[in-house]
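Keep in mind that what you see is a predicted model, and the values were worked out from it rather than measured.
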Amino acid sequence: MASVILHRSQKKRLEQGHPWVYKSEIATVEGEPEAGQLVNILNHQKRYLGTGYYNAASQITVRVVSYKPLEAMDKAFFVDRFQNTLQHRERFTKGEKAYRLVYGEADFLPGLIVDRFGDVLVIQLLTLGMDVCRNDIVEALVQVMKPQGIYERSDVSVRELEGLEQVKGPLYGECPRHVTVRENGLAIKVDIVEGQKTGYFFDQRENRASIEPLMTGWGGRSGITVQEVEQDGITKELPVNKSGSVVTFPYWDGATVLECFSHTGSFTLHACKYGAKKVTCLDISQHAIESAQENVDLNGFTDRVEFVVDDAFQYLRTQVKGVDEREKRSTPGTGKNKIDTSKPMTPGVGRTWDVVILDPPAFAKTKSAVPGASRGYKDINLHGMKLVNEGGFLVTASCSYHMRPDIFLETIQDAALDAGKILRLIEWRAAGKDHPQILGVDEGHYLKFAIFEVRSK
């Protein structure tokens with residue numbers, strides 16, 4: 001087997017568990033390894049560090065797959081790895097049949113993603129080293145998972161950095177375009193062919209469940225109290241409004257919620273499940289909103305959800321502008337500051353919610369994009385928190401790896417300062433248990449999720 005020998009001055013990332021060897025870290029190559037072939041990784045003293053697959057065309061020239069000598073990445077190798085990943089998911093996903101089964105480097109299989117949607121698996125082969133193992137990967141998945149079908153979604157630009165074309169299509173068995181799975185007791189219909197990435201984002205499963213305490217406890221703001229009421233000769237504790245009438249709407253205590261960047265409406269579904277009174281589900285994509293609407297109907301939440309196709313940035317700004325206008329109308333002004341209240345406000349603007357949820361796509365895909373991304377995150381969070389009713393909650397996330405946690409929190413704090421808000425951090429979370437992280441591999445620490453209580457100064 002060929003070997004790569006590292007420079008004496010190379011960083012100690014490998015010793016700390018990082019699975020990447022960059023081209024610039026390699027001093028010499030002994031032998032003539034072919035692209036995708038396994039090589040041994042040696043330090044400058046030729047001490048063995050690990051085994052990985054090789055691609056001279058990539059800046060990440062070697063990706064580690066084993067810290068013990070390994071002869072081949074064959075079917076037996078993948079069967080063993082998949083059995084381990086399955087055991088981990090079965091331990092932590094409590095019997096659910098939809099989750100990320102293989103998470104690349106974190107499962108010691110760099111360049112490979114496998115998502116399970118019940119009896120259908122969706123895979124991504126992101127590197128040449130995994131692409132050349134395609135047949136062994138499929139055969140091993142069939143042996144371990146016994147799926148109905150395996151569909152490939154390797155239609156991602158990162159493959160081009162490895163000298164590969166983007167591809168997608170069925171690899172095994174029957175692969176229906178739409179599959180319905182369950183998450184936290186909810187039915188989710190997923191488009192594995194045209195949906196984003198593999199069709200669904202499992203990394204927020206536990207985070208979606210964490211919004212449950214935010215969804216109830218709001219009835220008192222409307223003057224509704226629980227009182228003893230006699231009905232048909234029986235005394236019951238029932239909700240009663242200010243007029244003394246019994247409230248029959250079952251979600252009288254629920255929150256009003258705005259979900260931006262909704263994709264398939266996953267946070268909307270969880271909000272409804274946990275008792276929200278009314279949810280506004282927004283995405284710029286008509287296809288995404290149609291998917292969200294199908295999922296809302298599927299779970300019987302139709303009457304409590306409204307759908308908006310719009311750019312989230314523009315929608316938030318428009319609502320804030322309406323709030324500002326309403327405040328000015330309520331304050332008498334003189335001269336240039338006087339508002340002509342004879343003209344009606346634009347319908348549908350100036351709305352506020354008890355809970356605003358912001359789960360945008362990655363704004364920073366490179367380190368150089370961080371300043372621009374920070375402006376984007378500040379913009380949506382500033383306008384989002386302005387639309388939260390006093391004492392309500394801002395739920396906000398970032399899936400940009402380059403947007404480090406300290407930068408993300410600093411950006412939100414800057415937004416709060418400009419908005420005149422005080423934020424109390426209630427919860428701070430990362431990706432779910434089916435997205436484990438290797439300590440020392442910072443690239444895996446990409447997801448930041450926070451719940452803030454919002455108060456005015």
Using side chain to side chain donor-acceptor pair (under 3.5 Å), reason through Gln124 and Thr198 one step at a time and then give a plain yes or no. CA-CA 8 Å; Gln124 288 184 320; Thr198 64; over 6 Å; no

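- Although no hydrogens or angles enter the test, the distance criterion places no donor-acceptor pair under 3.5 Å between the side chain of Glu427 and the main chain of Ile451.
- A donor-acceptor pair is defined here as one N or O able to donate and one able to accept, closer than 3.5 Å; such a pair exists between the side chain of Ser154 and the backbone of Leu125.
- For Glu306 and Arg351, the salt-bridge test passes: some basic side-chain N is under 4.0 Å from an acidic carboxylate O.
- Comment: Asp379 engages Arg317 in a salt bridge, judged by a side-chain N to carboxylate O separation of less than 4.0 angstrom.
- Leu171 and Val138 get closest at one heavy-atom pair: CD1-CG2, 4.0 Å.
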Chi angles and distances behind the side chain to side chain donor-acceptor pair (under 3.5 Å) call for Asp253, Thr216: CA-CA 5 Å; Asp253 198 35; Thr216 53; 4.8 Å; no

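- Evaluated for a side-chain contact (heavy atoms from CB on, under 4.5 Å) with Thr268, the options Arg208, His263, Glu259 yield exactly one hit, Glu259.
- With respect to Arg134 and Asp131, a salt bridge is recorded, a charged nitrogen being found less than 4.0 Å from a carboxylate O.
- Ala415 and Met385 get closest at one heavy-atom pair: CB-CE, 3.9 Å.
- Ion pairing between a basic and an acidic side chain is recognised when a charged N comes within 4.0 Å of a carboxylate O; Glu194 and Lys168 show such pairing.
- Remark: Lys277 does not engage Asp354 in a salt bridge, criterion side-chain N to carboxylate O under 4.0 Å.
- Classification of Asp115 and Lys197 as a salt-bridged pair fails, no side-chain N sitting under 4.0 Å from a carboxylate O.
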Can you check side chain to side chain contact (heavy atoms under 4.5 Å, CB included) on Val167 and Glu152, steps first, answer last? CA-CA 8 Å; Val167 294; Glu152 181 176 9; 3.4 Å; yes

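- Between the side chain of Asp297 and the backbone N or O of Thr302 there is no donor-acceptor pair closer than 3.5 Å.
- Here the shortest heavy-atom pairing between Asn295 and Lys189 reads OD1-N, 2.5 Å.
- None of Tyr446, Phe363, Tyr377 except one satisfies the ring pair (Phe, Tyr, Trp, His ring centres under 6.0 Å) rule with Phe408; the exception is Tyr377.
- Judged by distance alone, with hydrogens and angles left aside, the side-chain atoms of Asp283 form a donor-acceptor pair with the main-chain N or O of Ser285 at under 3.5 Å.
- Aromatic pair Phe267/Phe261: centroids not less than 6.0 angstrom apart.
- Asp107 and Arg100 are not joined by a salt bridge, as no carboxylate oxygen comes within less than 4.0 angstrom of a charged side-chain nitrogen.
- Arg304 places a side-chain N or O within donor-acceptor distance of the main-chain N or O of Cys272, the cut-off being under 3.5 Å.
- Minimum interatomic distance between Arg326 and Val349 (heavy atoms only, all atoms of both residues): NH2-O, 3.6 Å.
- Counting all heavy atoms, side chain and backbone alike, Lys278 lies closest to Asp303 at NZ-O, 3.6 Å.
- Minimum interatomic distance between Phe449 and Ser210 (heavy atoms only, all atoms of both residues): CE2-OG, 3.5 Å.
- At distances below 3.5 Å, not a single donor-acceptor pair connects side-chain atoms of Gln83 with backbone N or O atoms of Val144.
- Residues Ile137 and Leu141 form a side-chain contact, since some pair of their non-hydrogen atoms from C-beta on lies under 4.5 Å apart.
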